[in-house]
Amino acid sequence: MARLKEVASTIQLSSPAKGDQSINNPKVPSDLNLKLVSSDCLPVVAADGSIVSPLVDTKVHLYYVLSDQQGNKTDVPSIPVLIPGRYQNTDQSNPKPFVVPALREWLGHEGEFLISDKMELAVDPQYKSELQEVAETLAGDYAELFGKKMKIRYKLPKKGNIFLSLNNEEKTIGDEGYVLEIKDWISLKANTSQGCFWGTRTLLQLLEQSDRIPKGLARDYPKYERRGFMLDVARKFFTTDFLRDYVKFMSYYKMNEFQIHLNDNGFKQFFNHDWDSTYSAFRLESTTFPGLTAKDGHYSKKEFIDLQLLAQQYGVNIVPEIDAPAHTLAFYHYNQELGSEEFGRDHLDLDNPKTYEFMDALFKEYLEGPNPVFIGNEVHIGTDEYSNKVAEKFRAFTDRYIRYVESFGKRARVWGALTHAKGSTPVKSENVIMDAWYNGYANPADMIELGYDLVSIPDGLVYIVPAAGYYYDYLNDQYLYENWEPVQIGKAVFPFGHPQILGGKFAVWNDHVGNGISEKDVHHRALNSMKVLSQKMWMGNSTALSFDQFQSKATKLSEAPGVNLAGQVASKSELVLHYTFNNKKIQDRSANAYHARAGKQSKTVPSTNSQALQLSKGSVVQLPIDEIGYNYTVSMTIKRDQALPGTVLFESPNAKLWLSDAETGKLAFSRDGYTFNFDYTVPENEWTNIVIEGDHKGTSLFVNDQQLERLEGKMQEFNEGKDKMACIQTLVFPLRHLGSETNKETFQIDELKVFNCKLSEKETSK
């Protein structure tokens, strides 16, 4: 092996000349064999070494394996070669336009394509059945982004059209690749409807940046097949609407796998070290075991099927995960015979036959029949972090459920644990995908040798555990952008183009149940990372932009058509809206014309400035904005006639701001099942200036130009202070309704101002 590695380290290869149709492999000693396995750019250099010339000069890494006559082998470090392009850009050529992820190949032409309000979508009539859904989705998303309709015509293109077709000559770009040509019309051609769909995501990003698109030609395709995100919905419930928005958000950035972690539990030290009272949840409706489904939030079978169908429409594969035999406290809570006495009640008892009866029936419920609940091709069975004291039983459990899932025609996916659980019991590896998360649990080189395909998800780089104090609260996006590709798994780095490293994924784990985290907070943590990792898994390290340049441009792109989970509000200045309430019509005095609509039982009354708005019990004002996200300032003056508990000042589908909450009568806000109180009661019969300021760390209260309180950094203590948990007290401010139909109190409001930034105490009083 020492000689093999020494020879491998010296192998070099000259770049091919223009017109070469295949790679000329380097020579090695006659008793050794050098085999080209793959490249990291298969549309340019195929696994057999054949070359398809890219549009312009392109660097490709080749992956070789060196072996000797005794059967020993070693990877050859990645060999970069420059493949000559078909064309040369000229000084007058348009530079590559910015999209996320970046275009793999671009040949700039001269001139621009001007977007017209009369632009039509032409679809190649011979591919109507394959492209109809793609076309309709594009037209719908275009309307969401721009408020304009785009007619769909099944015809050949003419000047000013967008044209979709599967009549594509670039066959090597694969199922996800596409060719984009911008000339007198915009042409998207691909080998499959999926490739064409990814091209529409690129097109929409170009359109939202400008009504003038540079003319040119692109060949675009992913570097990695699997580009994913995992969300722990078990320890923190996320609504179906959130998951549907995330499908669209991921799709907009060509992220194609969404793993949903459906069951898990909290840590018992935060629940008096009592397994019976420790939080657990299984989030999917079960008719086989009706009491299993979490009562504080779950998905009906229909909701989950509809989510998967939406994901298919948007090119995203939903990977449902039922995690066992650890992380299974919810199963013990349902049936206490299932929990292990030896390893903890969050471990299944692997000696109990009822464990296997239960797990068989549970998987069968979602996999059986012609219309199963899990409609995709892959199902994740967990298999993580079980005690290795019974490694053989754990390995047998893993093998059993790989094969059980496969018996329903699905491909099984597992967490890597077989280095931790070493043993002689065989575990099936052929056609099984393993998440490589921690090398101490599954050494990736050994797993590759066993035959597993890997998805790279190294915990020390791509795990988010909000406010836990371990792993990341926010990922180090700059490091990932500048350094990481999925071939790096922990400290192990594999050659570019390794065919068993399918791609990568990042994850949000909500370990600390009860820490106040909201859907909005999780999204804030994932928003920028989704764009960065989209870039790295589609494009790799080949980027001309610095991290700061990338961030500056990427933050200006929307989350997706019709998706605004961050609550960003378009505004011509920092002042988003301003209501004086001096007239019956509630006119916005900012530059944005966000006029409100007064409801019944609201009227103007005299105030210190002129007029104020009075809301009697049950009256509501409808605002044209649902909410405003971080960073913001909301300022108002309030006068109440009589303080009554349970009075809502503002509300949206996601949150409420209480003038007086039902429990304490104090100013408070609620979201995601949590209520946070300020230590302040709004007085009766006097005008009071109230300012709420919010960012991703916490929420501040100013009263009459003085900061009274900042809700941030609260620590919850357990077990006499031995264990602590941070509490997240944030608010994306609700704005859809001023007042509420449930209110019984009458109050007046004046001088309502909303800013899309945090202001100083001096500025808030202006």
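Each residue takes its place number in the sequence, starting with 1.
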Given 3.5 Å as the limit, does a donor-acceptor pair link the side chain of [X] with the main chain of [Y], or not?
{"X": "Arg104", "Y": "Tyr221", "result": "yes"}
{"X": "Glu112", "Y": "Arg212", "result": "no"}
{"X": "Ser571", "Y": "Leu575", "result": "yes"}
{"X": "Asp184", "Y": "Lys158", "result": "no"}
{"X": "Glu559", "Y": "Leu565", "result": "yes"}
{"X": "Thr200", "Y": "Leu138", "result": "no"}
{"X": "Asp124", "Y": "Ser165", "result": "no"}
{"X": "Asn161", "Y": "Leu121", "result": "no"}
{"X": "Ser456", "Y": "Gly504", "result": "no"}
{"X": "Glu208", "Y": "Ser558", "result": "yes"}

Side chains of [X] and [Y] only: does a donor on one sit below 3.5 Å from an acceptor on the other?
{"X": "Ser546", "Y": "Asp548", "result": "no"}
{"X": "Asn168", "Y": "Asn191", "result": "yes"}
{"X": "Gln209", "Y": "Gln205", "result": "no"}
{"X": "Asp220", "Y": "Tyr178", "result": "yes"}
{"X": "Thr239", "Y": "Asp241", "result": "no"}

Could you list the residues that satisfy ring-ring contact (aromatic ring centres under 6.0 Å, His included) with Tyr481, not counting sequence neighbours?
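By the ring-ring contact (aromatic ring centres under 6.0 Å, His included) rule, Tyr481 matches Phe547, Phe550.
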Who pairs with Phe146 by ring-ring contact (aromatic ring centres under 6.0 Å, His included), at least two apart in sequence or on another chain?
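So Phe146 forms a ring-ring contact (aromatic ring centres under 6.0 Å, His included) with Tyr142.
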Are the side chains of [X] and [Y] in touch, meaning some heavy atoms are under 4.5 Å apart?
{"X": "Phe494", "Y": "Leu454", "value": "no"}
{"X": "Val247", "Y": "Leu243", "value": "no"}
{"X": "Leu156", "Y": "Phe163", "value": "yes"}
{"X": "Leu107", "Y": "His109", "value": "yes"}
{"X": "His523", "Y": "Tyr246", "value": "yes"}
{"X": "Leu557", "Y": "Phe98", "value": "yes"}
{"X": "Tyr579", "Y": "Asp588", "value": "yes"}
{"X": "Thr172", "Y": "Leu42", "value": "no"}

To the nearest 0.5 Å, how far apart are [atom1] in [X] and [atom2] in [Y]?
{"X": "Leu131", "Y": "Ile152", "atom1": "CG", "atom2": "CD1", "value": "11.0 Å"}
{"X": "Ile628", "Y": "Asp626", "atom1": "CD1", "atom2": "CG", "value": "12.0 Å"}
{"X": "His524", "Y": "Ser518", "atom1": "NE2", "atom2": "OG", "value": "10.5 Å"}
{"X": "Phe197", "Y": "Gln313", "atom1": "CZ", "atom2": "CD", "value": "7.0 Å"}
{"X": "Met150", "Y": "Asp117", "atom1": "CE", "atom2": "CG", "value": "12.0 Å"}

Tell me whether [X] is salt-bridged to [Y], with the criterion being a basic N under 4.0 Å from an acidic carboxylate O.
{"X": "Arg219", "Y": "Glu170", "result": "yes"}
{"X": "Glu144", "Y": "Lys248", "result": "no"}
{"X": "Arg201", "Y": "Asp141", "result": "yes"}
{"X": "Glu105", "Y": "Arg86", "result": "no"}

Decide if atom [atom1] of [X] counts as having more than 12 heavy atoms of other residues, nucleotides or ligands within a radius under 6.0 Å.
{"X": "Lys155", "atom1": "NZ", "value": "yes"}
{"X": "Asn483", "atom1": "CG", "value": "yes"}
{"X": "Asp48", "atom1": "CG", "value": "yes"}
{"X": "Lys18", "atom1": "NZ", "value": "yes"}
{"X": "Glu169", "atom1": "CD", "value": "no"}
{"X": "Lys159", "atom1": "NZ", "value": "no"}

Please enumerate all residues that pass side chain to side chain contact (heavy atoms under 4.5 Å, CB included) together with Tyr472, with sequence neighbours excluded.
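Per chain and number, Tyr472 pairs via side chain to side chain contact (heavy atoms under 4.5 Å, CB included) with Leu475, Asn476.
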Cation-pi check, Lys254 to Trp538: give yes when NZ or CZ is under 6.0 Å from the six-membered ring centre and within 45° of the ring axis, no otherwise.
yes
If we check side chain to side chain donor-acceptor pair (under 3.5 Å) with Gln132, which of these qualifies: Lys128, Glu136, Glu130?
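Testing Gln132 for a side chain to side chain donor-acceptor pair (under 3.5 Å) against Lys128, Glu136, Glu130 leaves exactly one candidate, Glu136.
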Which one of Gln535, Glu482, Lys223, Glu485 satisfies the side chain to side chain donor-acceptor pair (under 3.5 Å) criterion with Asn541?
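Answer to the side chain to side chain donor-acceptor pair (under 3.5 Å) test with Asn541 among Gln535, Glu482, Lys223, Glu485: Glu485.
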Which heavy atom of [X] sits nearest a heavy atom of [Y], and at what distance?
{"X": "Lys215", "Y": "Glu110", "result": "CD-O, 3.6 Å"}
{"X": "Thr730", "Y": "Lys697", "result": "CG2-C, 3.7 Å"}
{"X": "Tyr127", "Y": "Leu166", "result": "CD1-N, 3.6 Å"}
{"X": "Ala102", "Y": "Met539", "result": "O-SD, 3.8 Å"}
{"X": "Ala655", "Y": "Val732", "result": "CB-O, 4.1 Å"}
{"X": "Val52", "Y": "Pro43", "result": "CB-O, 3.6 Å"}

Once salt bridge (charged side-chain N to carboxylate O under 4.0 Å, His left out) is applied, what residue pairs with a partner in residues 520-533 remain, sequence neighbours excluded?
Asp473-Arg525, Lys520-Glu627, Asp521-Arg671
Pick out which of Ile433, Val37, Asp453 makes a side-chain contact (heavy atoms from CB on, under 4.5 Å) with Gln500.
Asp453
Report the residues that fulfil side chain to side chain donor-acceptor pair (under 3.5 Å) with Glu133, sequence neighbours left out, ordered by chain and then residue number.
none
For Tyr632 and Val754, what are the C-alpha separation, side-chain angles and deciding distance, and is it a side-chain contact (heavy atoms from CB on, under 4.5 Å)?
CA-CA 7 Å; Tyr632 66 81; Val754 176; 5.6 Å; no
side-chain contact (heavy atoms from CB on, under 4.5 Å) between Asn756 and Glu574, worked out:
CA-CA 5 Å; Asn756 62 10; Glu574 292 179 346; 3.7 Å; yes
Table please: side-chain donor-acceptor pairs of residues 53-62 below 3.5 Å, with sequence neighbours left out.
{"unit_1": "Asp57", "atom_1": "OD1", "unit_2": "Gly85", "atom_2": "N", "d": "2.7"}
{"unit_1": "Thr58", "atom_1": "OG1", "unit_2": "Val56", "atom_2": "O", "d": "2.8"}
{"unit_1": "His61", "atom_1": "ND1", "unit_2": "Asp40", "atom_2": "OD2", "d": "3.0"}

